[in-house]
Visitor: 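Let me begin by handing over the structure; questions about it come next.
Note: hydrogens, waters and symmetry copies are ignored here, and every other heavy atom, side chains too, is used.
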Amino acid sequence: MKSNEDRGLVIRVCLHDGRYHGVSDWPPAPARLFQALIAGAGPVVAATGAVADALRWLEGLPPPVIAVPHATLGAPATFWVPNNDLDAHGGDPARVPEIRTGKQVRPRLFDARIPLVYAWTLSSCAESEARAREVCVIGQGLYQLGRGVDLAWAVAEIVGAAELEALLSAHPGRLHRPLLGAPSDLDLACPMIGSFDSLLRRHADSGRRFSSEGEGRKAKQVFVQPPKPRFLNVGYDCAPIRAVFELRVDVDAPLLAWPLADASALVTRIRDAGADRLRNALPDRAGDILRTLVGRPSNGATTGSEGRVRLVPVPSIGHEQVDLRIRRILVEVPQGGRIAAEDVLWAFSGLHLAETGAVLTRADDTAMLRHYGIGGEVHRTWRTVTAAVLPAPARRRRIDPAHRRDQAKPATERAEEEARAMQAVKQALRHVGQTSPVAAIRVQREPFHSRGERAEAFASGTRFEKERMWHVELMFEQPVRGPVRIGDGRFLGLGVMAPARVNPAASAFRILDGLAENADEMVVTAALRRAVMARVQSKLGPHGRLPILVSGHAADGTPARSGHLAYVFDRARARLLVVAPRRSYGPQRDLQLVDSALADLDDLRAGSAGRLRLGPATVDLDNDHLFAPSCRWTSVTPYVVDRHAKRLSSDAALIADLRSACARARLPEPQIEVLETRGVPGVGLVGRAILRFAVAISGPILLGRTRHLGGGLFTGT
């Protein structure tokens with residue numbers, strides 16, 4: 001709220017069960033609250049007197065600020081209800097079962113103790129005060145919000161500006177602020193002038209939906225749809241104004257490369273210099289400048305994150321050999337903040353950083369931001385570039401460098417530390433308002449990029465303990481849009497995440513438990529193939545035909561000539577892979593069907609290999625040895641020749657068959673070094689080899705007769 005507003009109207013809505021069944025909107029739109037107030041007052045009472053005057057006054061106010069608790073989607077349930085089409089069956093109530101249709105319900109779940117808050121600013125006049133008091137009385141009659149099962153009650157009050165700001169800052173959920181005319185991904189219906197009268201008109205016309213035309217045998221019943229209510233779609237959570245600044249010694253000089261581990265020191269130096277420059281230009285706005293740029297008022301207390309300017313280091317990424325140094329700074333200014341965006345950007349434009357010689361220069365090229373998911377595609381898998389400062393429970397036990405051997409941690413303690421860190425990641429996601437469900441979390445101290453820095457390196461020169469620093473990988477259930485930043489140091493350049501380049505045509509699973517010792521690869525992959533086929537068949541129904549991609553057979557039962565799924569048991573990394581063919585055969589919907597069928601696979605019964613408990617995993621195209629480009633590929637699992645050429649030695653036969661297999665897979669012709677050959681009764685010639693290509697080849701490489709069950713697997717070296 002702006003400081004010159006002296007009053008505010010606040011309506012707190014509590015839902016009895018901590019569930020919200022409304023469809024398509026979260027948070028519940030102000031229009032829903034407006035309709036709930038009318039329903040609570042009763043349409044007849046609301047249409048006359050002071051109640052009507054108060055509601056017409058409320059619809060004319062600017063859209064409210066909304067604060068809601070963090071919510072997650074509950075489990076979906078399908079209810080079979082009658083479709084409104086009984087006339088098609090003669091109007092016979094006994095035939096209702098013939099017109100039932102499935103209606104899926106999936107509520108949002110949250111802490112029922114945390115209210116939904118709607119806050120309007122009021123002008124300082126007696127009429128506004130009187131109307132607001134009447135709305136407070138009307139709010140006492142509210143009894144539901146959303147669907148009929150969402151029982152609720154409301155408490156409304158008029159508060160001062162300082163109290164209103166403190167209330168919103170202290171709310172443990174997420175704030176949503178409106179901004180008219182700005183582009184937004186969140187549009188909510190809000191009351192406008194005329195909304196109240198349109199709702200009364202709709203209520204009255206709903207009782208006159210059916211009328212008769214004609215007389216006698218020619219008489220027929222006519223249905224007239226009541227008019228729609230009038231609401232205004234308002235953008236909430238509008239994207240901030242973004243500007244990229246480059247670090248240069250001179251306008252015409254090359255970009256200055258700042259060390260990655262000193263990201264926090266760089267951001268702090270730029271933030272403080274920009275705040276000083278802005279305070280010198282606007283001395284009467286010193287308090288607002290401290291709140292907006294530094295995150296604290298002039299008295300030194302801390303404030304919430306709403307309305308704060310974010311300075312984000314942009315390390316150079318996007319290529320395997322890039323050095324990950326910082327050459328750019330992204331400045332994000334929330335729209336509708338205390339300080340105008342143009343003033344904030346002016347404070348950083350041409351800013352000289354003492355002791356470094358660097359000057360911030362406004363850049364027109366923002367292509368690097370796409371590597372951080374800004375302005376581009378959405379992604380499921382994200383990894384930290386600068387380490388995240390996780391909440392206190394994620395703290396590792398410190399080991400004295402002089403007693404590393406005596407104080408070494410056993411594997412159980414390390415596992416417990418990682419488990420606490422993963423829980424802390426979930427807490428950090430709630431702090432930033434990221435509500436998308438997370439399918440998998442990985443934490444480690446080592447960087448995810450070959451030229452990155454270990455997590456503890458980012459603590460130097462900061463107020464954060466190095467034991468709370470972690471590198472984090474997140475895999476969301478659904479793709480999310482960038483930017484993604486987590487942790488307590490997110491306003492100081494830490495916890496910056498970038499989307500990982502993963503293989504879209506491979507499903508990966510970590511084996512968490514249950515694998516028998518010396519389990520046979522073919523037993524595991526055969527069990528995985530059966531599970532995939534069964535799960536896809538369940539998606540298609542009993543009469544659906546498995547696509548060739550899954551079955552590997554044509555409609556007449558003959559082996560398919562086109563490619564189909566391969567199943568891999570990666571023993572070294574304790575994981576399973578379902579890999580689509582290199583070339584795309586069949587409709588894209590077949591791949592989507594497989595991905596959907598495997599979304600919740602967590603249990604695999606593999607006979608003598610054990611009952612495997614699975615968890616989701618990712619495939620990193622840049623670093624995974626089975627997928628990353630390489631010129632040298634070495635056998636992991638035995639290669640079984642397709643045809644044993646006669647009158648050749650076993651080594652020569654293996655080489656000839658491997659060359660043919662590479663040609664069929666459309667790989668360049670390699671140089672082949674045979675490591676081993678042997679004959680297996682009932683199988684044929686089996687061997688291992690090293691393939692050397694003239695150029696780097698991306699994996700996976702699966703060759704030979706058993707390639708679809710993980711045989712003939714090669715790893716890059």
Side-chain angles (χ1 to χ4, degrees), residues 1-2 5 7-15 18-38 55 58-72 107-122 132 135-136 138-139 142 144-146 150 152-159 161 163-192 195 231-240 304-308 334-337 430-435:
M1 293 295 150
K2 292 181 171 52
E5 298 288 355
R7 306 291 276 171
L9 170 63
V10 177
I11 299 180
R12 297 183 180 90
V13 181
C14 297
L15 280 94
R19 289 176 171 83
Y20 179 74
H21 294 79
V23 178
S24 76
D25 64 339
W26 182 263
R32 282 190 182 267
L33 175 64
F34 190 71
Q35 294 176 88
L37 292 172
I38 297 175
L55 291 172
L58 182 63
E59 72 181 9
L61 293 180
V65 176
I66 305 172
V68 293
H70 295 298
T72 58
R108 292 185 183 270
L109 311 178
F110 51 89
D111 190 342
R113 297 170 296 180
I114 302 176
L116 285 69
V117 178
Y118 297 81
W120 291 264
T121 56
L122 305 179
V135 171
C136 292
I138 297 171
L142 186 144
Q144 68 182 40
L145 182 70
D150 298 322
W153 69 91
V155 176
E157 60 180 333
I158 302 171
V159 300
E163 185 180 353
L164 177 59
E165 183 168 351
L167 184 153
L168 294 175
S169 298
H171 194 280
R174 182 174 180 179
L175 288 182
H176 301 272
R177 296 183 182 273
L179 196 62
L180 292 169
S184 171
D185 291 333
L186 177 63
D187 288 333
L188 298 178
C190 295
M192 57 182 292
S195 293
F231 293 117
L232 176 67
N233 282 335
V234 176
Y236 276 74
D237 299 342
C238 300
S305 61
E306 288 299 319
R308 283 186 62 178
Q335 299 198 46
R430 289 194 295 271
H431 289 168
V432 299
Q434 180 58 261
T435 58

Visitor: Show the nearest heavy-atom pair for residues His171 and Pro69, with the distance to one decimal.
Guide: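 Result for this residue pair: CE1-N, 3.9 Å.
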Visitor: Of the non-hydrogen atoms in Gly146 and Arg32, which two are nearest, and what is the gap between them?
Guide: CA-NH1, 3.7 Å
Visitor: Would you call Ile66 and Pro28 a side-chain contact if the rule is heavy atoms closer than 4.5 Å?
Guide: no
Visitor: Output the distance between atom NE2 (His70) and atom CG (Asp111), rounded to the nearest 0.5 Å.
Guide: 11.0 Å
Visitor: Is there a donor-acceptor contact under 3.5 Å from the side chain of His176 to the main chain of Tyr236?
Guide: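 Side chain of His176 to backbone of Tyr236: no pair is present.
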Visitor: Using side-chain contact (heavy atoms from CB on, under 4.5 Å), reason through Leu116 and Val68 one step at a time and then give a plain yes or no.
Guide: CA-CA 5 Å; Leu116 285 69; Val68 293; 3.9 Å; yes
Visitor: Are any non-hydrogen side-chain atoms of Pro27 and Leu186 less than 4.5 angstrom apart?
Guide: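 In contact.
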Visitor: Measure the CD-CE distance between Glu59 and Met192 for me, rounded to the nearest 0.5 Å.
Guide: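 Rounded to the nearest 0.5 Å, the CD-CE separation comes to 8.5 Å.
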Visitor: Where do Leu9 and Ala132 come nearest, in terms of heavy atoms and distance?
Guide: CD1-O, 4.2 Å
Visitor: Checking Leu142 against Ile11 for the side-chain contact (heavy atoms from CB on, under 4.5 Å) test, could you report, in this order, the C-alpha distance in whole Å, the side-chain angles of both residues, the deciding distance, and whether it holds?
Guide: CA-CA 11 Å; Leu142 186 144; Ile11 299 180; 5.8 Å; no
Visitor: Return the set of residues passing salt bridge (Lys or Arg N to Asp or Glu O under 4.0 Å) with Arg12 (not counting sequence neighbours), or none when no residue passes.
Guide: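 For Arg12, the residues satisfying salt bridge (Lys or Arg N to Asp or Glu O under 4.0 Å) (neighbours in sequence not counted) are Glu157.
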Visitor: Which pair of heavy atoms, one from Ala189 and one from Ala29, lies closest together, and at what distance?
Guide: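 So the minimum-distance heavy-atom pair works out to O-CB, 3.4 Å.
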Visitor: Side-chain contact test, heavy atoms from C-beta onward, threshold under 4.5 Å: evaluate it for Leu188 versus Val234 and give yes or no.
Guide: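 Result no, sub-4.5 Å side-chain heavy-atom pair not found.
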Visitor: Taking the side chain as every heavy atom from C-beta outward, state whether Leu145 and Asp150 have any atom pair closer than 4.5 Å.
Guide: no
Visitor: Do you know which two heavy atoms are closest between Leu33 and Trp120, and how far apart they sit?
Guide: CD2-CH2, 3.8 Å
Visitor: What distance separates Arg177 CZ from Leu168 CG, expressed to the nearest 0.5 Å?
Guide: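 Reported to 0.5 Å precision, the distance equals 6.0 Å.
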Visitor: Pro178 and Pro63: which non-hydrogen atoms are nearest, and at how many Å?
Guide: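 Shortest heavy-atom contact: CG-O, 3.6 Å.
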Visitor: Kindly indicate, with the supporting measurements, whether the criterion side-chain contact (heavy atoms from CB on, under 4.5 Å) is fulfilled by Leu122 and Leu61.
Guide: CA-CA 8 Å; Leu122 305 179; Leu61 293 180; 4.2 Å; yes
Visitor: Nearest 0.5 Å please: distance from the CD atom of Gln35 over to the CD atom of Gln144.
Guide: 11.0 Å
Visitor: Nearest 0.5 Å, what's the CG-OH distance between Leu58 and Tyr118?
Guide: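 These two atoms lie 12.5 Å from each other.
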Visitor: Would you please test Leu232 and Ser195 for side-chain contact (heavy atoms from CB on, under 4.5 Å) and show each step?
Guide: CA-CA 9 Å; Leu232 176 67; Ser195 293; over 6 Å; no
